[in-house]
Participant: 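Please see the structure below; I have some questions.
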Amino acid sequence: MDESSLQLVCEIGNQLARLTRFNKGLFLKSLKQAASAFSEIEQPLAPEASTKKNALKKLDAATKPLRKSIIKHGLLQQNDKDVRLFVAICVSEMFRILAPEPPFEDKYLRGIFELIVSIFKELGDTTCPFFSRRVKILETVARCKCFVIMLDIDCNDLILGMFNNFFSIVSEHHQQNLINDILSIMTHILNEEVTQPLLEVILRNLVYQDVPSAASQLAVSVIQSCMEQLEPSVCGFLSSCFLDRDAVGSELKEFYHEIMFEIFRCAPQMLLAIMPNLIQELLVDQVDVRIKAVNLIGNLFALPENHILEKYHDLFIEFLKRFSDKSAEVRVSVLQCAKAFYLANPIGKESREVLTALESRLLDFDDRVRMEAVIVACDIARSNLKLVPPKLISEATERIRDKKISVRKKALQKLLEVYRDYCKQCSEGRMAICNHFEQIPCKILMLCYDCKEFRSQSIERVLMNDLFPVLEIEERTRHWVHLFSHFTPLHLKALNSILSQKQRLRTEMQFYLSLRKKEKGNHPEETQKRLESSFVKMSVLFPDPSKAKECFQRLNKMKDNNIFNALEELLDQLTIKGGQNAKDKFLKLIGDKHPDFKFLQLLSSKCLYIFDSEHLRCILDDLSSNGFGEKHLEASSVKLLLAIISVFPVLLRGLELQFQKLLEGNDLIDDKLIEILAKAGPHISVKFCDFNPFLERMCLEGTRAQSKYAVSAIASLSGTSALTVLCKKLVDSLHSGRNISTVLQSLGCIAQYSVSTFETQDEDITPYIYKTVIQVEPSDHLISFNQTSGHGASSKLKVYGMKTLVKSFLPHRGSHVKRKISGLLDILSKMLHKADIFNDLISCESDEAHIRLAAAKSVLRLSRRWDLHICPEIFYSTVVMARDSSMFVRRSFIDKTHKLLKVRVIPIRYACAFALATSDCLKDLRDDSFKYMAEFIKEYSKEARIRQNSAVQGVSITDYPAYIVVFLIHVLAHDPGFPPEDCQDKEKIIQFFGPLFSLLQALVNASIVDGDIDIVHDAISCLLCILLAIKKAVDAVDAQKTSNLHVLADIGISFLKELNHNGISSSHFSGLILLPSSLYQISLAKKGEEANSDCISQFNFDPTFVERVVDTFRYRFDPPRHEEGMQLHVIDNCTSNLIPCKQFDLPTSEAAKPNKKNARQETSMGCKRKRAVSPIALGTVGLHNKYVTTVHNCENGASKSCEVILEKELRSSCDSVTIGPTHTESQVSSQNMDGSDCSLKENVGPISNDSTEPLKFPSAKFRDPCSGKESSAKCEALLGQRNKSVSRTDRRFYSGSVDGLKIQNTNCKITNDSGQVELLSLDSESRDIDSDVSLSEREVLLEEGINTIHLQHDSLNKTVDMSGDDASQQPKTLSKQEQGKFACRTDRVAAKRKTGQKASKETSASEVINIDEDVVARRTRRQRKV
């Protein structure tokens, strides 16, 4: 013990006691001296109690004066901080040296502890100069444990305040010894007593988010140090929250899950008794409780190395069930926990179960859950790309096409992050290419088919900017090749759409820049119009076309030519790097302050290539060096190369030599490489002579695919000159029997590229194919083909020959074929049947099926341009392929028909094959047929509605899907298996009439057309009118089948009544129906009543049969609901009123009264349209008001032709409408305007048939029992007259004279001054005849591409063929637009009659439509009197 220090303390105490007034300076000085002296005094450590007691008495006596002075002068309550600090130091030192006895009496202790606690509160200020002295006080108090006295004197509030002070002042900047002293004080107090307030202070600082981390760590340390003391209180609190949270008074009851988690982290053994309560919480009804329980359990399972899954497996099982919780919020919460769970436990059974549950939530019905599942799945994938299950990535990738836009956007964002990480690791060599990651860009491409938020403009930006990180061009190419190996046709179509749009923008921009240079030319107004048109074309390629157009207009007003030069330089770049530099230069000239900077930035980006010449160079290098290593990757790279070259052939510039070496040095030549050459040929610098030997070899010795593309390459590189030489070599090879299949393919392709080249060798080609390839067994020199081709080679060769001939009649670019198609159609007709001529030539039933299928497909292809030549027999035989005995034939034919109808290249009448296939025995084929039929109805109905609402195009009834009923009924009527009237076999009835029912049911099903009731109403009205018109018609092919037609029509009407309970009133409609003249006719007679009675007696049938059929199908009736107020008046007497009149009203509840004025009116389909007249205003049933059908005998007896009769006036007689004679009493024959109508071609002989064979169409002449005599017009006055006409070839006027009249004077031959001969139909052409002779209005229907004019006249139906100098012409079809105009032409005529104008001369027009596979050209000729 330091006696001097003790003496000094005593003297200071006495000195202060003598003072009567408080003097801060003196007191502060004295207290500092005392504090310094106390630091030198140690507590007595004598081993003997007496010695220690004496020492303590001595200390007590020496410090007593100072203690009295502190009390006397009220230093404990002093406000001065410095004084209070040194008083606290002295007091704490006295507690230290006098321990265990307190230095002050109990009544003063509270004030002392208040002083000390207030000093503790200032420990947070570590920058204060007295901080170390405060730390010393804390250390002294902690060592002497004097704070325990506070419990004895009931200073719980001071203790609580001290705890709060400790948690508030503790900091990361504090030294560990300070924190240990604080912890020591708190621990000793808690060891003595745990109160609820103290527990709440600890727990609050444990879980509150606004609490500093040091405070939370202090709370953790306190809990860990006092686990045993705190456990009862903690468990009691948590149990109360579990059992009745509302009854708990503490605000911490809202955070008891967080408290559990934090305690579990630091002292899990404290919660052993509480954990089972969590299982119960997962099962409670309160969603918020389940969510908190899920979050808690998820966090607990994510704790590392706690083995909680092993200890609480039941809890994990219940947690796993929450992935399918009934609440979406709970499912979202458990998904959020899944990520942390997997990261903490990446390996193990439980992790696999969690991933399985996560995959299931990717298909959750709630979009919020699906979105969260995508986020979690992608985050898990990014955490470890190698370990993530491929299935999880695949399932997450599917969400890119989610039905919710928000899910799609989030999925796109997260999956792009995953793919960029994957590409980065691949480039660094840490990962190999994985298929499931390469599927991500494939799915992104499919967004092009979705809503506008993801159309191709958006996906283009993704492919250019977001898909890849910063990678070398070789690495990008490698990824493109791999992902291209996963492309389907839809992916390829989407990519091609993006590339095509980019190419269109580049092309249009180049056109604009060139046009802008000419803006100051001689025609500024015309140039401005072209500029505006260019702006519109480019604007549609931007997300906001209207805004883009305004920006283009402002760009055009810029005066700085450097800007446009920079833009032109950008377009000239063939590499992405060069383009990027040009883009930067362009944008620098614009300046980022320009108001249109963002748009011009987007424009310049869209002008850059996605693929450039460097991509192509990498692909060619790898192909040449076999760098891909795998065959499927080589094939993929070639496909990618073809996809790029197809849109940007110019990118191959500079790589010609490299490509040539690849093409010639490849042992196994890829067909696609030859196709690439064909597409890039006109755009690259190559010599044809360098490639010609190779291409000729492919045409003669390659595969069929290689020869096809080789011919295309030759045509693109050299034109038709080289094709002539090649064709001669091919003919020689054909006759020598070498590589017949390849040679046939080459010849067919040559015929498509150069008609003249093929026709010069036609005499050596076509007869040889007919006689040597198709009609007889292969000759000896063809045996090599049989031996190399295997079983069925003979049938394959026949198919190849047939394909060659078909191609020869379908040239590219709208070329005209002069040869007759009748011979080919005869061959196809025989191939479609099981004809005896082929029985000895076909080795097996499979070969026969393939030949039938090939013939049917050939008919479909020919129908694009030659449908008027396809007679009813061939049409029937083609359509019934849907019921062929071979499943393979049925499936292939239906799929092919669907494909061709989808791209609008065949007439709609072939869609009735879908209806026939709906009764197939195979469920898959039935389902597909229903699907195809629904797609057809939906697409074609909407297109017809759009054209109907358009004031430009117009529409005909033949454009509507409902019109195929006309053809289906005719096909069914001629089916040899037509049930007899006494048939009682329900299965047979269902099987036979099922197609008709299925078609009608689909046509009136509103769900197929997206609930558009107007379309359904139109369909029902059309169907009613069509069916009633059929009841008034006669079968034009076989009159004996007329009763079948009428039965089917009545059954159809009954079906409609059952399917359409609410119905549509027939009073809405008035008009006429066009029926195909090749299938139907309406009789004409001078005395309508007699003719009608004859028809009734001839075509009578048992009405009970219809009732039995309808009753058989009654179980399948599921009527669609229509709008209220649209009532269908019951159609009575469906089976009795068979008078074949041309015009009558739908029967209603009141007697139908004929009205001549109303007979010519046409109204809309029950709702307002943009056009005044609806093309399907068809309430008045029969033929069109100008046309009825009739059949005339053919002189040769082997073919018939059906015409549409022009009628000028209609008269009403009694209760039916009879035919009034025109001023010429003539009839004008015409083909139906739809491409689906057909006429019998000449020289088609009958086809034999028995009970097991297809339909036999008799060739015997048919005389309509209801037809009357016809009279011809007197047109001899036209002979010798001069005229002016427009040439069909160059559209120029030529003068000529009428030098001959044809049958019954309705056709005239006109010889122009140039020597050209034209055949004029007086019914349709208004020529500039130098005469005052008035010609009646007539129509000429021209079918494009077949060079035939089908003449219309009252009693004439003759086809005049023109071939070369013989001026042979073939029938031509009208496009749908012209059909609409033709159908509505009578309305214009009627309007002119009302105003007193003459319609005969001013309204006639002939229109030619050149239908190629891709191009449709139109020509309209109008002529006036000179």
Participant: Can you list the residues that meet the side-chain contact (heavy atoms from CB on, under 4.5 Å) rule with Lys672, with sequence neighbours excluded?
Facilitator: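 Listed in chain order: Val638, Leu642, Asp670, Glu675, Tyr709.
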Participant: What distance do Leu1003 atom CG and Leu1023 atom CG have between them, rounded to the nearest 0.5 Å?
Facilitator: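 The distance works out to 5.5 Å.
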Participant: Ignoring hydrogens, what is the shortest heavy-atom contact between Leu730 and Cys699? Give both atom names and the distance.
Facilitator: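 Residues Leu730 and Cys699, closest heavy atoms: CD2-O, 3.7 Å.
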Participant: So do the side chains of Glu943 and Arg904 get within less than 4.5 Å of each other, counting heavy atoms only?
Facilitator: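 Side chain of Glu943 against side chain of Arg904, heavy atoms only: contact under 4.5 Å found.
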Participant: Does the ring center of Tyr1080 lie less than 6.0 Å from the ring center of His970?
Facilitator: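 Yes - the distance between ring centres of Tyr1080 and His970 falls below the 6.0 Å cut-off.
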Participant: I'd like to know if the side chain of Ser754 reaches the main chain of Ala751, judged simply by a donor and an acceptor atom lying under 3.5 Å from each other, with no hydrogens or angles considered.
Facilitator: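 No, the answer is negative, given that no donor and acceptor are paired below the 3.5 Å cut-off.
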Participant: Go through the structure and list residues passing side-chain hydrogen bond (donor to acceptor under 3.5 Å, both in side chains) with Ser808, not counting sequence neighbours.
Facilitator: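 Listed in chain order: Arg819.
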Participant: Between Val880 and Asp975, is any pair of side-chain heavy atoms under 4.5 Å apart?
Facilitator: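 The answer is no; the side chains never approach within 4.5 Å.
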Participant: First locate atom OG of Ser712, then atom CD of Gln752, and finally report the distance between them rounded to the nearest 0.5 Å.
Facilitator: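 So the OG of Ser712 and the CD of Gln752 are separated by 10.0 Å.
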Participant: Please answer whether the main-chain N or O of Ala713 pairs with a side-chain N or O of Ser716 as donor and acceptor at a distance below 3.5 Å.
Facilitator: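 Flag set: sc Ser716 to bb Ala713 pair under 3.5 Å.
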Participant: Looking at Ile874 and Ser829, what are the two nearest heavy atoms and their distance?
Facilitator: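 Looking at all heavy atoms of both residues, the shortest contact is CG1-CB, 3.9 Å.
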Participant: Excluding sequence neighbours, so at least two apart, what forms side-chain hydrogen bond (donor to acceptor under 3.5 Å, both in side chains) with Lys807?
Facilitator: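 By the side-chain hydrogen bond (donor to acceptor under 3.5 Å, both in side chains) rule, Lys807 matches Gln745.
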Participant: Under the side-chain contact (heavy atoms from CB on, under 4.5 Å) rule, collect the residues that match up with Ser858, sequence neighbours excluded.
Facilitator: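 Checked Ser858 against side-chain contact (heavy atoms from CB on, under 4.5 Å); matches are Met802, Val806, Leu828.
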Participant: Please test Leu677 against Leu717 for side chain to side chain contact (heavy atoms under 4.5 Å, CB included), starting from the C-alpha separation and ending with a verdict.
Facilitator: CA-CA 9 Å; Leu677 177 61; Leu717 291 172; 4.3 Å; yes
Participant: Phe936 vs Tyr940 aromatic rings, parallel, tilted or perpendicular, using cut-offs 30° and 60°?
Facilitator: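 Rings of Phe936 and Tyr940: tilted, as their planes differ by 30° to 60°.
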Participant: Keeping the roles fixed (side chain from Thr507, backbone from Gln503), state whether a donor-acceptor pair exists under 3.5 Å.
Facilitator: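 Yes, because the side chain of Thr507 sits within donor-acceptor range (under 3.5 Å) of the backbone of Gln503.
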Participant: Could you check whether Arg891 pairs with Asp924 (Lys NZ or Arg NE/NH1/NH2 to Asp/Glu carboxylate O, under 4.0 Å)?
Facilitator: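 No salt bridge links Arg891 with Asp924.
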Participant: Considering residues at least two apart in sequence or located in another chain, which fulfil the side-chain contact (heavy atoms from CB on, under 4.5 Å) criterion with Lys803?
Facilitator: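 Scan of Lys803 (side-chain contact (heavy atoms from CB on, under 4.5 Å), adjacent residues dropped) gives Arg704, Val799.
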Participant: Mark yes or no for whether Thr804, through its side chain, and Tyr800, through its backbone, hold a donor-acceptor pair below 3.5 Å.
Facilitator: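 Yes.
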Participant: Hey, could you give me the CD1/CD distance between Ile1008 and Glu935, rounded to the nearest 0.5 Å?
Facilitator: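 CD of Glu935 is found 10.5 Å from CD1 of Ile1008.
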Participant: Of the non-hydrogen atoms in Leu853 and Ser892, which two are nearest, and what is the gap between them?
Facilitator: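 Looking at all heavy atoms of both residues, the closest pair is CD2-CB, 3.5 Å.
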Participant: Which pair of heavy atoms, one from Gln761 and one from Cys727, lies closest together, and at what distance?
Facilitator: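 Closest heavy-atom pair between Gln761 and Cys727: CG-SG, 3.6 Å.
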Participant: Any donor-acceptor pair under 3.5 Å linking the side chain of Ser863 with the backbone of Leu860?
Facilitator: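 It does hold such a pair.
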Participant: Quick check: closest heavy atoms across Val879 and Phe893, and the distance to 0.1 Å?
Facilitator: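 Nearest pair, atom of Val879 first, then Phe893: O-CE2, 3.9 Å.
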Participant: Which residues satisfy the side-chain contact (heavy atoms from CB on, under 4.5 Å) test with Lys942, sequence neighbours excluded?
Facilitator: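 Per chain and number, Lys942 pairs via side-chain contact (heavy atoms from CB on, under 4.5 Å) with Lys938, Asp1010, Ile1015.
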Participant: Is the shortest side-chain N to carboxylate O distance from Asp920 to Arg883 below 4.0 Å?
Facilitator: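 Between Arg883 and Asp920 there is no salt bridge, as every charged N stays at least 4.0 Å from the carboxylate O atoms.
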Participant: Looking only at non-hydrogen atoms, find the nearest pair between Ala643 and Leu499 and report the distance.
Facilitator: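 So the minimum-distance heavy-atom pair works out to O-CD1, 4.1 Å.
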Participant: State which residues pass salt bridge (charged side-chain N to carboxylate O under 4.0 Å, His left out) with Asp1012; sequence neighbours excluded, sorted by chain then number.
Facilitator: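 Checked Asp1012 against salt bridge (charged side-chain N to carboxylate O under 4.0 Å, His left out); zero matches.
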Participant: Check whether any side-chain N or O of Arg890 sits under 3.5 Å from a backbone N or O of Leu922 as a donor-acceptor pair, and report yes or no.
Facilitator: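 Side chain of Arg890 to backbone of Leu922: no pair is present.
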Participant: Just how far is it from atom OG of Ser877 to atom NZ of Lys830, taken to the nearest 0.5 Å?
Facilitator: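 Here the rounded value is 13.5 Å.
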Participant: Between Ser941 and Tyr960, does the side-chain hydrogen bond (donor to acceptor under 3.5 Å, both in side chains) criterion hold? Intermediate values first, please.
Facilitator: CA-CA 6 Å; Ser941 294; Tyr960 282 82; over 6 Å; no
Participant: Atom CG of Asn496 and atom OG of Ser646: how far apart are they, to the nearest 0.5 Å?
Facilitator: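 The OG atom of Ser646 is 7.0 Å from CG of Asn496, to the nearest 0.5 Å.
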Participant: My understanding is that only residues two or more places apart in sequence, or in another chain, count here; which of them pass ring-ring contact (aromatic ring centres under 6.0 Å, His included) with Phe648?
Facilitator: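 Listed in chain order: Tyr609.
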Participant: To the nearest 0.5 angstrom, please state how far the CG atom of Leu968 sits from the SG atom of Cys912.
Facilitator: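 With rounding to 0.5 Å, CG (Leu968) is 5.5 Å from SG (Cys912).
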Participant: I'd like to know if the side chain of Thr878 and the backbone of Ala856 have a donor-acceptor N/O pair within less than 3.5 Å.
Facilitator: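 Checked: no pair found.
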Participant: Start with the C-alpha gap between Tyr910 and Phe875, add the side-chain angles, then the distance that decides, and say whether ring-ring contact (aromatic ring centres under 6.0 Å, His included) holds.
Facilitator: CA-CA 8 Å; Tyr910 292 92; Phe875 170 72; 5.3 Å; yes
Participant: Go through Asn1005 and Ser1007 one step at a time and tell me if the side-chain hydrogen bond (donor to acceptor under 3.5 Å, both in side chains) criterion holds.
Facilitator: CA-CA 6 Å; Asn1005 188 350; Ser1007 63; 2.7 Å; yes
Participant: Can you tell if the side chain of Met881 reaches within under 4.5 Å of the side chain of Arg852, non-hydrogen atoms only?
Facilitator: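 A side-chain contact under 4.5 Å exists here.
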Participant: So Ile774 and Met831, do their side chains get closer than 4.5 Å, heavy atoms only?
Facilitator: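 Heavy-atom side-chain distance check passes, below 4.5 Å.
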Participant: Side chains of Phe809 and Trp866: closer than 4.5 Å at any heavy-atom pair?
Facilitator: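 Yes, side chains in contact.
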Participant: Taking the side chain as C-beta and beyond, is there a heavy-atom pair between Thr742 and Thr703 under 4.5 Å?
Facilitator: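 No; the side chains remain at least 4.5 Å from each other.
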Participant: With sequence neighbours left out, write down each residue that passes salt bridge (charged side-chain N to carboxylate O under 4.0 Å, His left out) with Lys502, or none if nothing qualifies.
Facilitator: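 Scan of Lys502 (salt bridge (charged side-chain N to carboxylate O under 4.0 Å, His left out), adjacent residues dropped) gives Glu460.
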Participant: Using a 4.5 Å cut-off on heavy atoms from C-beta on, say whether the side chain of Val859 contacts that of Leu862.
Facilitator: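 They are not in contact (no side-chain heavy atoms under 4.5 Å apart), so the answer is no.
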Participant: So, does His974 use its side chain to make a donor-acceptor pair with the main chain of Val971 at under 3.5 Å?
Facilitator: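 Side chain of His974 to backbone of Val971: no pair is present.
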Participant: Could you check whether any side-chain heavy atom of Tyr963 comes within less than 4.5 Å of a side-chain heavy atom of Pro1076, counting everything from C-beta outward?
Facilitator: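 Yes, side chains in contact.
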Participant: By ring-ring contact (aromatic ring centres under 6.0 Å, His included), which residues pair with Phe484, not counting sequence neighbours?
Facilitator: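 Partners of Phe484 under the ring-ring contact (aromatic ring centres under 6.0 Å, His included) test: Phe487.
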Participant: Once side-chain hydrogen bond (donor to acceptor under 3.5 Å, both in side chains) is applied, do any residues pair with Lys537, and if so which ones, sequence neighbours excluded?
Facilitator: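 With neighbours one apart ignored, the set is empty.
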Participant: Going through the checks in order, is the side chain to side chain contact (heavy atoms under 4.5 Å, CB included) test met by Leu824 and Tyr770?
Facilitator: CA-CA 9 Å; Leu824 175 59; Tyr770 280 151; 3.8 Å; yes
Participant: Between Arg864 (side chain only) and Ile906 (backbone N and O only), is there a donor and an acceptor less than 3.5 Å apart?
Facilitator: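 Such a contact is absent between Arg864 side chain and Ile906 backbone.
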Participant: Name all residues meeting the ring-ring contact (aromatic ring centres under 6.0 Å, His included) criterion together with Tyr932; count only those two or more places apart in sequence or in a different chain, and write none if there are none.
Facilitator: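 Tyr932 satisfies ring-ring contact (aromatic ring centres under 6.0 Å, His included) with His898, Phe914 only.
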Participant: Check for a donor-acceptor pair, side chain of Ser929 on one end and backbone N or O of Leu925 on the other, with a separation under 3.5 Å.
Facilitator: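 Yes; at least one donor-acceptor contact below 3.5 Å.
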